[in-house]
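Position 1 is the first residue of the sequence; numbering continues from there.
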Amino acid sequence: MEMLLFGVWALLALIPDPGAPEERFEVSVWPDQALVKYGQSLMVNCSTTCPDPGPGGIETLLKKTQVGKGPQWKEFLLEDVTQNSILQCFFSCAGIQKDINLGITVYQPPEQVIVELQPAWVAVDEAFTVTCHVPSVTPLENLTLTLLQDDQELQRKNFRSLAMASQRAEVTISVKAQREDDRCNFSCRAELDLNSHGGGLFHSNSALQVLRIFEFSQSPQIRVSSLLEVGMAETVSCEVARVFPAEEVMIHMFLGDQELSPFLFWEGDTIWANATVRAMEIGDQELSCLTSLGPVEQKTSQPVYVYSFPPPILEIEEMYPLAGTEINVTCSGHILTSPSPTLRLQGAPDLPAPGEPAWLSLNASEEDDGRNLSCEASLEVQGQQLSKTTVIQLHVLYKPRFEESGCPGNQTWLEGMEQMLACVPKGNPTPVLICTWNGTVFDLEVPQKATQNHSRTYCCIATNQLGSVSKDVSVLVEGLDEGISSTVLVIIIVALGVGVITVALYLNYRPCKVERRKLPYRQKEKNKEEESQFAVQQAEKHNEHTC
């Protein structure tokens with residue numbers, strides 16, 4: 001019996017006492033929650049409460065380096081942490097081992113947020129997509145992406161899904177384009193919330209992307225004549241209707257390989273361009289209009305034909321013939337005109353044969369002074385009849401003369417009224433007129449206050465380089481009362497005379513020049529003072545035998 005009790009006691013002595021310090025030790029790790037930025041390092045301290053610990057340390061797949069130790073702790077540096085992992089910290093005490101796990105979470109903040117518009121230019125009523133993605137972000141389940149149009153939220157997406165490995169940090173929406181969406185700003189906001197891991201809130205915004213909306217459904221229309229004359233400036237235009245935004249349309253115009261310089265105008269949904277074209281080569285050419293808006297280009301072309309047709313050449317044998325002189329007038333087609341045009345010379349009795357000039361023999365008279373001679377050339381080009389006319393004015397030189405209509409021999413003035421001597425001679429060159437009384441020259445340019453002293457006969461002499469002519473002009477000054485009745489009678493007579501003359505001219509019109517005419521070119525350099533002196537001298541000589 002004693003032996004049995006001793007054996008039991010010895011067995012109990014071998015069983016450890018649960019109350020001993022070695023049996024109550026703990027193992028701990030710091031930090032108790034590890035959040036590491038991708039690629040960074042982490043310091044880990046593994047410690048125990050055992051007074052005399054045995055082997056201890058950490059177990060991990062990460063690269064580790066022990067950087068310090070003490071009786072009851074060890075410190076390690078984990079480098080280049082790029083993935084989530086679980087680290088085990090362990091110590092043994094009196095043959096007993098205990099361990100504790102540390103979860104390491106790797107994070108990567110959304111440093112780059114990208115928004116893409118597909119397409120960047122989109123037609124009205126067509127669909128476009130807006131995509132936001134973050135190239136590198138971890139952990140994905142803590143990420144939220146928000147798409148924005150200007151300041152309006154379009155869509156929000158988080159990634160709390162079990163299939164995290166198959167997901168991308170991306171959100172996409174599809175929208176139908178409307179005109180009011182033009183120039184809208186699209187952006188994306190990314191938020192990584194790590195508060196549950198002991199971290200903070202990381203957020204980043206994308207750059208703004210501008211959406212362009214356009215409408216370009218109609219082809220440009222060219223407005224140009226089918227015929228262009230070589231060397232002549234012509235205006236051509238190109239118009240595009242129902243286009244948006246019209247002010248951003250680019251228009252280029254070409255004549256063959258020659259680029260034109262158009263001026264652009266727009267109103268509402270219509271834009272047009274006007275350009276001046278000057279074709280330098282004869283023959284078939286092509287006028288084209290190239291329009292573009294955003295990614296869209298449209299081109300329209302129209303054929304044109306460039307022709308050469310200078311005006312006909314009109315020649316007069318003598319530009320300033322004397323009255324009674326026979327002159328020849330010739331009209332011919334220009335050498336650059338092909339084929340030869342049909343010519344028609346005004347007054348010529350017959351039409352010339354094709355390629356032959358037209359001519360006219362004319363006996364110049366006073367009535368021909370100031371007459372316009374014209375020659376018309378006709379040419380058919382591409383089925384269209386074209387015509388050009390050349391006009392030359394004939395100047396016939398003749399001696400001065402007085403006509404009763406221009407210089408009445410009897411004139412009545414009203415006493416006390418401002419009056420001027422009415423006398424305009426005819427002649428080419430334009431005659432110089434001098435009217436005298438008893439050797440005193442009467443001023444024809446300044447109105448005179450009529451008195452009884454003006455009742456007299458004046459001698460008027462008209463002179464040009466071809467000769468002189470004189471005429472007596474009698475002036476009668478009437479009193480006011482007498483003049484009223486006389487004036488009424490004169491008005492009636494004049495009115496009847498004008499009516500008769502008008503009817504006569506209408507029935508038998510003959511162009512004549514009543515107004516004073518300019519001197520011919522070879523006389524233009526004559527000094528007016530010399531002419532006046534010459535006229536006075538001639539008048540004095542002429543007055544000795546006339547008036």
To the nearest 0.5 Å, what is the distance between [atom1] ([X]) and [atom2] ([Y])?
{"X": "T291", "Y": "Q221", "atom1": "OG1", "atom2": "CD", "result": "10.5 Å"}
{"X": "E59", "Y": "C46", "atom1": "CD", "atom2": "SG", "result": "10.5 Å"}
{"X": "S187", "Y": "L148", "atom1": "OG", "atom2": "CG", "result": "4.5 Å"}
{"X": "L343", "Y": "C331", "atom1": "CG", "atom2": "SG", "result": "4.5 Å"}
{"X": "C238", "Y": "I222", "atom1": "SG", "atom2": "CD1", "result": "5.5 Å"}
{"X": "E170", "Y": "L143", "atom1": "CD", "atom2": "CG", "result": "12.0 Å"}

Can you name the nearest heavy-atom pair linking [X] to [Y], along with the distance?
{"X": "L192", "Y": "P139", "result": "CD1-O, 3.3 Å"}
{"X": "Y307", "Y": "I282", "result": "CA-CG2, 4.4 Å"}
{"X": "F309", "Y": "P341", "result": "CE1-CB, 4.2 Å"}
{"X": "Q385", "Y": "S378", "result": "NE2-CB, 3.7 Å"}
{"X": "A34", "Y": "L42", "result": "CB-CD2, 3.8 Å"}
{"X": "K74", "Y": "G57", "result": "CD-CA, 4.3 Å"}

Between [X] and [Y]: side-chain donor-acceptor atoms closer than 3.5 Å:
{"X": "Q33", "Y": "H197", "answer": "no"}
{"X": "Q72", "Y": "T48", "answer": "no"}
{"X": "T172", "Y": "T131", "answer": "yes"}
{"X": "S219", "Y": "Q298", "answer": "yes"}
{"X": "S28", "Y": "S47", "answer": "yes"}
{"X": "S226", "Y": "Q384", "answer": "yes"}

So for atom [atom1], which belongs to [X], do other residues, nucleotides or ligands contribute more than 12 heavy atoms lying within a distance under 6.0 Å?
{"X": "W266", "atom1": "CH2", "result": "no"}
{"X": "N101", "atom1": "CG", "result": "yes"}
{"X": "I86", "atom1": "CD1", "result": "no"}
{"X": "N195", "atom1": "CG", "result": "yes"}
{"X": "D257", "atom1": "CG", "result": "no"}
{"X": "W73", "atom1": "CH2", "result": "yes"}

Is the shortest side-chain N to carboxylate O distance from [X] to [Y] below 4.0 Å?
{"X": "E215", "Y": "R179", "result": "yes"}
{"X": "R183", "Y": "E248", "result": "yes"}
{"X": "E239", "Y": "R223", "result": "yes"}
{"X": "K299", "Y": "E297", "result": "no"}

Discussion item. If you apply the rule side chain to side chain contact (heavy atoms under 4.5 Å, CB included), what do you find for R212 with D182, and how did you get there?
Written reply: CA-CA 5 Å; R212 298 309 314 273; D182 185 43; 2.9 Å; yes

Worksheet item: Do the two ring centres, one from F202 and one from Y107, sit under 6.0 Å apart?
Response: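 Between Y107 and F202, which both carry aromatic rings, the centre distance is below 6.0 Å.
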
Discussion item. Over 60° means perpendicular and under 30° means parallel, so tell me whether F265 and W272 are parallel, tilted or perpendicular.
Written reply: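 It falls in the parallel class, under 30°.
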
Taking side chain as C-beta onward, heavy atoms only, is [X] less than 4.5 Å from [Y]?
{"X": "K157", "Y": "T144", "answer": "no"}
{"X": "L62", "Y": "I104", "answer": "yes"}
{"X": "W121", "Y": "I213", "answer": "no"}
{"X": "D99", "Y": "V27", "answer": "no"}
{"X": "V243", "Y": "L293", "answer": "yes"}
{"X": "T138", "Y": "Y38", "answer": "no"}
{"X": "S85", "Y": "L61", "answer": "no"}
{"X": "V304", "Y": "L255", "answer": "yes"}

Please confirm whether the backbone N or O of [Y] pairs with a side-chain atom of [X], one donor and one acceptor, at under 3.5 Å?
{"X": "R371", "Y": "L394", "value": "no"}
{"X": "S237", "Y": "N274", "value": "no"}
{"X": "E318", "Y": "Y320", "value": "yes"}
{"X": "N84", "Y": "V106", "value": "yes"}
{"X": "T300", "Y": "P220", "value": "yes"}
{"X": "Q285", "Y": "E281", "value": "yes"}
{"X": "Q393", "Y": "G370", "value": "yes"}

Worksheet item: When you look at V236 and L260, which way does the side chain to side chain contact (heavy atoms under 4.5 Å, CB included) test go after all the steps?
Response: CA-CA 10 Å; V236 297; L260 309 181; 4.1 Å; yes

Worksheet item: Passes side chain to side chain contact (heavy atoms under 4.5 Å, CB included), H133 versus V115? Steps please.
Response: CA-CA 7 Å; H133 68 94; V115 170; over 6 Å; no

Discussion item. Determine whether N185 and Q209 satisfy the following criterion, side chain to side chain contact (heavy atoms under 4.5 Å, CB included), listing intermediate values before the conclusion.
Written reply: CA-CA 6 Å; N185 294 322; Q209 296 293 327; over 6 Å; no

Item to complete: With K98 as the cation and F90 as the aromatic partner, state whether NZ or CZ is under 6.0 Å from the six-membered ring centre and within 45° of the axis.
Response: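 No, K98 does not lie over the aromatic ring of F90.
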
Discussion item. Checking side-chain contact (heavy atoms from CB on, under 4.5 Å) between L77 and each of Q66, M43, K64, which is the one that passes?
Written reply: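 One option only clears the test, and that one is M43.
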
